[in-house]
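Let me begin by presenting the structure, written as structure tokens, before commenting on it.
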Amino acid sequence: MLSVNFNPFPILSTQRLILREVKEGDVEEIFFLRSDKRILQHLDREPAKTLDEVLAFIKKINEQQRNNDCILWGISLKEENKLIGTLGFWNMKKEHYRAEIGYVLHPDHQRKGIMNEALAKVLEYGFVIMKLHSVEANVNPDNAASINLLLKNKFIREGNFKENYFFNGNFFDSAIYSLITANQ
Ligand SMILES: CC(C)(COP(=O)(O)OP(=O)(O)OC[C@H]1O[C@@H](n2cnc3c(N)ncnc32)[C@H](O)[C@@H]1OP(=O)(O)O)[C@@H](O)C(=O)NCCC(=O)NCCS
């Protein structure tokens with residue numbers, strides 16, 4: 001069984017970015033990331049409506065992190081502390097050494113290679129430090145940005161579930177991508 005330890009929180013850095021713990025003081029930036037229509041376009045979930053709801057989300061994530069059940073990094077540019085995105089591992093299947101990856105980035109910072117830079121670092125952490133064997137991504141098949149990002153990082157499309165996801169009166173397909181440690 002996979003055994004991970006996120007305490008103390010592992011701060012990571014790349015050429016342009018700091019990947020750090022999301023704190024209650026980040027509530028406004030996280031509210032934006034969880035409510036902006038452009039970000040949510042292919043996420044097929046309700047937008048956040050209040051700061052209180054987002055504060056509860058941050059507290060829940062922090063608690064799950066303390067219990068080593070998930071990890072969410074906030075992304076900030078090195079020159080400022082403000083969060084511009086998040087990425088992390090959740091839905092961990094420790095018995096299978098597998099976790100799901102998720103990420104969002106503020107539209108003002110998209111298409112500059114930022115998530116590619118953050119994802120490469122987090123995958124390295126996942127495979128080398130956490131000792132994951134595989135990482136999964138569950139994507140709306142219309143989400144070209146996310147799919148191209150995954151392909152660029154050597155993820156392989158393993159399946160397509162037909163209309164297995166219901167949101168807002170519609171059934172959506174889910175595309176499943178994965179990366180196995182040996183293929184990294
Ligand atoms: C998916 C997302 C995180 C990509 O972040 P990003 O920093 O803009 O991506 P990058 O600039 O690092 O791009 C990496 C690769 O992804 C692909 N890509 C990124 N944005 C794209 C777009 N709008 N359309 C098509 N391909 C895109 C490209 O292949 C790109 O490589 P290239 O620049 O060499 O062509 C961002 O679009 C986002 O936050 N989307 C909304 C939230 C979301 O859908 N999350 C994923 C849920 S599964």
Side-chain angles (χ1 to χ4, degrees), residues 2-94 99-132 135-140 143 145-146 149-150 153 167:
L2 180 70
S3 168
V4 294
N5 183 5
F6 304 136
N7 305 283
F9 186 88
I11 298 170
L12 306 177
S13 70
T14 67
Q15 195 185 353
R16 290 177 288 175
L17 311 171
I18 299 285
L19 309 180
R20 62 155 174 89
E21 187 168 16
V22 176
K23 303 196 175 100
E24 291 177 29
D26 300 312
V27 65
E28 287 187 6
E29 287 75 30
I30 298 294
F31 177 80
F32 179 87
L33 295 170
R34 293 182 70 79
S35 60
D36 182 79
K37 284 198 174 68
R38 295 160 295 178
I39 295 177
L40 293 179
Q41 189 187 1
H42 297 300
L43 294 187
D44 310 318
R45 67 174 187 230
E46 288 295 337
K49 295 194 174 54
T50 65
L51 286 181
D52 277 351
E53 177 190 334
V54 174
L55 202 53
F57 166 77
I58 295 173
K59 285 181 178 164
K60 187 182 79 181
I61 292 290
N62 288 343
E63 189 187 334
Q64 290 179 356
Q65 256 164 204
R66 276 193 295 278
N67 294 333
N68 300 314
D69 286 332
C70 77
I71 182 159
L72 183 70
W73 285 273
I75 304 171
S76 69
L77 295 169
K78 273 189 174 158
E79 59 269 24
E80 49 181 319
N81 191 39
K82 198 174 154 181
L83 293 192
I84 59 169
T86 61
L87 80 167
F89 294 117
W90 63 294
N91 217 350
M92 286 177 51
K93 297 177 183 135
K94 292 184 186 174
E100 191 169 331
I101 187 97
Y103 38 76
V104 292
L105 188 66
H106 193 300
D108 289 354
H109 296 277
Q110 290 180 9
R111 298 280 359 213
K112 295 176 184 163
I114 287 186
M115 196 54 80
N116 196 53
E117 193 171 315
L119 182 58
K121 191 75 189 174
V122 160
L123 289 173
E124 178 190 296
Y125 180 87
F127 287 122
V128 176
I129 308 292
M130 288 169 66
K131 309 267 188 247
L132 290 168
V135 173
E136 175 177 323
N138 183 327
V139 193
N140 179 323
N143 193 346
S146 182
L149 173 70
L150 292 167
N153 284 275
F167 174 68

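Note that the coordinates shown come from a computational prediction; the quantities given were computed from them, not determined experimentally. Counting begins at 1 with the first residue of the sequence.
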Minimum-distance pair of heavy atoms, taken over all atoms of N140 and H42: CB-O, 3.4 Å
Counting C-beta onward and ignoring hydrogens, is there a side-chain heavy-atom pair between N68 and N5 closer than 4.5 Å? yes
Are I84 and D108 packed together at the side-chain level, in the sense that at least one heavy-atom pair is separated by less than 4.5 angstrom? no
Which residue in the set I61, I58, V27, I75 passes side chain to side chain contact (heavy atoms under 4.5 Å, CB included) when paired with V22? I58
Greater than 12 external heavy atoms within 6.0 Å of K82's NZ: no
Answer yes or no: is there a side-chain heavy-atom contact under 4.5 Å between V122 and F89? yes
With a sphere of 6.0 Å drawn around CD of E53, does it hold more than 12 non-hydrogen atoms of other residues, nucleotides or ligands? yes
Shortest non-hydrogen pair, I114 vs R16, comes out as N-NH2, 3.7 Å
Angle between ring planes, F6 versus Y125, binned at 30° and 60°: parallel, tilted or perpendicular? tilted
Heavy-atom side-chain contact between I11 and L19 under 4.5 Å: no
May I ask you to test the D69-M92 pair for a side-chain heavy-atom distance under 4.5 Å? no
Cationic N near anionic O, under 4.0 Å, E63 to K60: no
Heavy-atom side-chain contact between I129 and P10 under 4.5 Å: no
side-chain contact (heavy atoms from CB on, under 4.5 Å) between L43 and V104: does it pass, once the steps are laid out? CA-CA 10 Å; L43 294 187; V104 292; 3.9 Å; yes
Out of curiosity, L12 CG to K121 NZ, how far, rounded to the nearest 0.5 Å? 6.5 Å
Nearest heavy atoms of R38 and F32, plus distance in Å: NH2-CZ, 3.7 Å
